[in-house]
2 protein chains.
Amino acid sequence: MSDAADVHFLLDGMASRYIILADGRRVLLGFLLPGDFCDLHPQLAPVFAHPIISISACSVAHYPRRALAAWRGEFPALATALERWCLVDGAITRRWLTNMAIPAEYRLAHLLCELRTRLAQVGQADEASFPLFLTQQEMGEAIAISTVHINRSLQHLKELGLVRVMNHRVFIPDLARLESFVGFDSAYLEPGGGAFSRNSSAAADSPIQG
Amino acid sequence: MSDAADVHFLLDGMASRYIILADGRRVLLGFLLPGDFCDLHPQLAPVFAHPIISISACSVAHYPRRALAAWRGEFPALATALERWCLVDGAITRRWLTNMAIPAEYRLAHLLCELRTRLAQVGQADEASFPLFLTQQEMGEAIAISTVHINRSLQHLKELGLVRVMNHRVFIPDLARLESFVGFDSAYLEPGGGAFSRNSSAAADSPIQG
DNA sequence: CGCAGCTTTGATAATGATCAAAGTCGGTGG
DNA sequence: CCACCGACTTTGATCATTATCAAAGCTGCG
């Protein structure tokens with residue numbers, strides 16, 4: 001079907017970039033949501049490619065690389081879109097890295113905030129809930145936490161009344177409270193957005209700022 | 001001197017991108033070595049900028065952003081260089097993220113391997129040694145490990161005979177052994193390089209592969 | 001029904017953080 | 001030249017977070 005020389009673009013579903021460690025463990029390096037380019041980078045350097053798995057059923061569009069390269073000159077808007085995605089992708093990765101310094105429970109809450117915001121950007125989430133087809137094991141692989149500990153962290157978030165989960169859907173009774181709990185600021189996900197965040201006052205004990 | 005609208009380019013020294021957590025801790029998100037662009041991204045989205053500190057005395061060149069933008073069309077090679085740097089930068093960040101899943105000692109060893117390779121690329125390291133002006137605290141901030149634990153991990157690497165440190169210089173008695181210890185593969189740092197790694201056989205117990 | 005995959009729970013172990021204090025070293029001022 | 005100071009490193013002791021192991025409950029599905 002699709003050629004290795006194509007560029008892929010996720011239309012629907014959820015996928016993830018990953019890497020396998022020597023001991024067999026898998027590390028998820030990011031999630032791809034509808035609208036994201038799957039493999040932009042490899043056009044310059046195949047060696048950078050990370051394999052991708054689908055998390056839920058996905059539909060994908062693919063364009064010949066050559067055409068894409070040509071379009072970049074012809075349609076500046078496309079070039080901007082590509083660059084924009086590179087930037088957001090990089091910002092997300094740096095945020096994940098930043099979050100490795102905060103405790104498991106916060107990292108999990110942050111992941112949920114991030115996914116909700118990104119899904120909302122593509123019309124698949126609102127303030128109160130969003131679909132999530134990750135297993136707890138996959139969540140663990142994404143934020144470098146054992147499955148057992150994910151389970152306990154999630155339970156604690158539930159006990160705190162910050163989230164609820166029902167058949168593959170996360171419910172958030174009070175989004176502002178959840179976001180303030182982790183000090184979540186969506187600025188890094190909104191390159192077009194203003195330079196100032198809405199979420200200006202995080203809780204005094206929330207682990208992130210900046 | 002330099003205008004906020006300039007693009008900066010590190011000529012000499014070492015600098016680091018960082019973020020400050022709510023509890024005051026600092027997280028280093030990457031190191032900038034000679035030849036690296038300091039703040040390419042912000043031209044599209046100021047909100048993504050992470051502050052930068054100099055680790056050692058640095059010299060920096062700055063170009064007006066507008067000129068750079070213009071040059072991109074005019075000189076494809078420059079455009080390629082910029083993209084190349086974006087890719088390497090992203091690859092490094094993803095590798096750091098990957099490494100958060102492996103134990104402290106390996107993470108530290110990996111950082112040393114990475115810095116050596118990058119410094120070698122700009123003629124500031126050879127197989128046996130390289131200059132390093134990081135304090136142990138800064139190393140800890142880079143790989144999310146407490147200062148005390150960095151000290152102990154480093155000591156252990158010394159005991160294993162993998163590294164030695166003398167006045168701001170890291171000595172590596174046997175580079176192949178150190179790299180195989182962590183399963184270090186420099187492919188992600190060499191976008192121009194072949195698709196296959198030289199370092200094909202990592203030690204059976206090394207924590208990274210792929 | 002019964003299996004497979006996922007979640008949940010309990011118990012124990014390991015990694016790494018934190019706290020406190022002492023030791024080293026280079027530089028600076030008297 | 002020496003004493004002191006500040007920044008960094010090292011050590012010891014204790015604590016916390018998180019991993020690991022093992023087993024039992026769930027749940028959807030063939």
Side-chain angles (χ1 to χ4, degrees), chain A residues 14 16 21-28 53-57 99-112 131-160 163-170 182 205 207, chain B residues 14 16 21-28 53-57 99-112 131-160 163-170 182 205 207:
Chain A
M14 182 171 174
S16 176
L21 300 184
D23 61 8
R25 277 182 303 157
R26 188 174 61 176
V27 176
L28 302 187
I53 40 159
S54 70
I55 298 288
S56 61
N99 285 351
M100 299 307 309
I102 69 176
E105 187 180 303
Y106 290 99
R107 226 141 80 209
L108 177 57
H110 193 281
L111 178 66
L112 296 178
L132 187 65
F133 290 85
L134 289 175
T135 64
Q136 293 185 1
Q137 182 174 130
E138 287 165 336
M139 294 182 210
E141 290 169 347
I143 60 180
I145 284 169
S146 72
T147 308
V148 171
H149 200 58
I150 281 281
N151 185 283
R152 289 173 171 141
S153 301
L154 191 52
Q155 275 179 58
H156 191 219
L157 293 181
K158 288 174 187 168
E159 281 165 19
L160 293 175
V163 301
R164 264 173 302 152
V165 180
M166 277 178 55
N167 40 322
H168 297 188
R169 203 167 177 90
V170 176
V182 253
D205 59 340
Chain B
M14 182 171 173
S16 176
L21 300 184
D23 61 8
R25 277 181 303 156
R26 187 173 62 174
V27 176
L28 302 187
I53 41 158
S54 70
I55 297 288
S56 62
N99 285 351
M100 299 308 308
I102 69 176
E105 187 179 302
Y106 290 100
R107 227 143 78 209
L108 177 57
H110 195 281
L111 178 66
L112 297 178
L132 188 65
F133 290 85
L134 289 174
T135 64
Q136 294 186 1
Q137 183 174 128
E138 286 166 336
M139 294 183 211
E141 289 169 346
I143 60 180
I145 285 169
S146 72
T147 308
V148 170
H149 200 59
I150 280 281
N151 185 284
R152 289 173 172 142
S153 302
L154 191 52
Q155 275 179 57
H156 191 219
L157 293 182
K158 288 175 189 167
E159 281 164 19
L160 294 176
V163 302
R164 265 172 300 153
V165 180
M166 277 178 55
N167 41 321
H168 297 188
R169 203 164 179 91
V170 177
V182 253
D205 59 339

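Worth saying up front: this structure is predicted, and the values here are computed from it rather than measured. Below, chains carry the letters A, B, ... as their sequence lines are ordered, and counting in each starts from 1.
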| request: For the side chain of T135(B), starting at C-beta, report the closest nucleotide among dA11(C), dC8(D), dG16(C). | output: dC8(D)
| Distance, rounded to the nearest Å, where M166(A) contributes CE and dT7(C) contributes C1' | 16 Å
| task | Give a yes/no on whether any side-chain N or O of N151(A) is located under 4.0 angstrom from OP1 or OP2 of dT7(C). | result | no
| query | Contact class for A101(B) vs. all strands (heavy atom < 4.0 Å): base, sugar-phosphate, or nothing? | reply | nothing
| request: With the side chain of V148(B) defined as its heavy atoms from C-beta on, choose the nearest nucleotide among dT11(D), dG16(C), dA22(D). | output: dT11(D)
| message | Exactly one of I150(A), L160(A), V182(A) should register a side-chain contact (heavy atoms from CB on, under 4.5 Å) with E105(A). Which one does? | response | L160(A)
| task | Nearest 0.5 Å please: distance from the CG atom of L28(B) over to the CG atom of L134(B). | result | 8.0 Å
| request: Report yes if the side chains of I145(A) and L108(A) come closer than 4.5 Å at any heavy-atom pair, otherwise no. | output: no
| query | Expressed in angstrom and rounded to an integer, what is the separation of H168(A) atom NE2 from dG28(D) atom C1'? | reply | 10 Å
| remark: Of the listed dG16(C), dT18(D), dT9(C), the closest approach to the Q155(A) side chain comes from dT9(C)
| message | Nearest whole Å is fine: how far is dA13(D) C1' from H149(B) NE2? | response | 16 Å
| What is the distance, rounded to the nearest whole Å, between atom CD1 of I55(A) and atom C1' of dG5(C)? | 15 Å
| remark: On a heavy-atom basis, the closest approach of I102(A) and R107(A) is O-NH1, 2.9 Å
| said: For a quick check of understanding: with a heavy-atom distance under 4.0 Å over all strands, which category does S146(B) fall into, base, sugar-phosphate or nothing? | reply: base
| note | In whole angstroms, the gap separating C1' of dT18(D) from CE of M100(B) amounts to 13 Å
| Which atoms form the tightest heavy-atom contact between F133(A) and E138(A), and what is the distance? | O-OE1, 4.0 Å
| request: Measure the distance from CD on E141(A) to C1' on dC6(C) and round it to the nearest whole Å. | output: 13 Å
| note | Quick note, I145(B) side chain, CB onward, closest among dT8(C), dT18(D), dA17(C) is dA17(C)
| field | Interatomic distance, E105(A) CD vs dA19(D) P [rounded to whole Å] | value | 13 Å
| remark: R152(B) CZ to dA14(C) P, in whole Å, measures 18 Å
| query | Taking only N and O in the side chain of Q137(B), is any of them less than 4.0 Å away from OP1 or OP2 of dC8(D)? | reply | no
